[in-house]
Structures are given as C-alpha cells and as structure tokens.
Q: 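Take a look at the following structure, please.
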Amino acid sequence: MGESYTGEAYCVKCKEKRDFTGEVKVSDSGRRMAQGICKVCGTKLNRILGKA
C-alpha cells in the first residue's frame, strides 16, 4: 500500500506545469519523489518531495 500524491509537476515535453496524481517512491539516494503521468501528453512526471 503506497502513499499517493496529488499536486503539480513540470512536464518537460509540454514545457508547462501540470496537475497530476501519482505514487510516492523512495529513490536510491533516499529522497522521496512522486511519479505520475501527464494528462495531456502521457509523459512520466517526477516531483522531488524531500528526504524520507
């Protein structure tokens, strides 16, 4: 059961901030990050939230 995140992230393909809902994961370096999908173009979005 993963933690979910709803907020904004920058889409590199659209070059704009997009609202998204995604899953919170912990990277190899120990940082928490939310990963989701852009609703407009389908590109993967990442937002770094801070250390776990």
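The first residue in the sequence is number 1, and the count goes up from there.
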Q: May I have all residue pairs that pass ring pair (Phe, Tyr, Trp, His ring centres under 6.0 Å) and include part of residues 22-49, sequence neighbours excluded?
A: none

Q: Would you say that Tyr10 contacts Lys15 through its side chain, given a criterion of any heavy-atom pair below 4.5 Å between the two side chains?
A: yes

Q: For Ser27, which residues count as a side-chain contact (heavy atoms from CB on, under 4.5 Å) partner, sequence neighbours excluded?
A: Ser29, Arg31, Met33

Q: To the nearest 0.5 Å, what is the distance between CD (Glu23) and OG (Ser4)?
A: 9.0 Å

Q: Throw together a table of side-chain donor-acceptor distances under 3.5 angstrom for residues 40-50, partners on residues two or more places apart or in other chains.
A:
unit_1, atom_1, unit_2, atom_2, d
Asn46, OD1, Gln35, NE2, 3.3
Arg47, NE, Tyr5, OH, 3.4
Arg47, NH1, Glu8, O, 2.7

Q: Side-chain heavy atoms nearer than 4.5 Å, only ILVMFWY residues, links allowed to pass through others: does that put Ile37 and Val24 together?
A: no

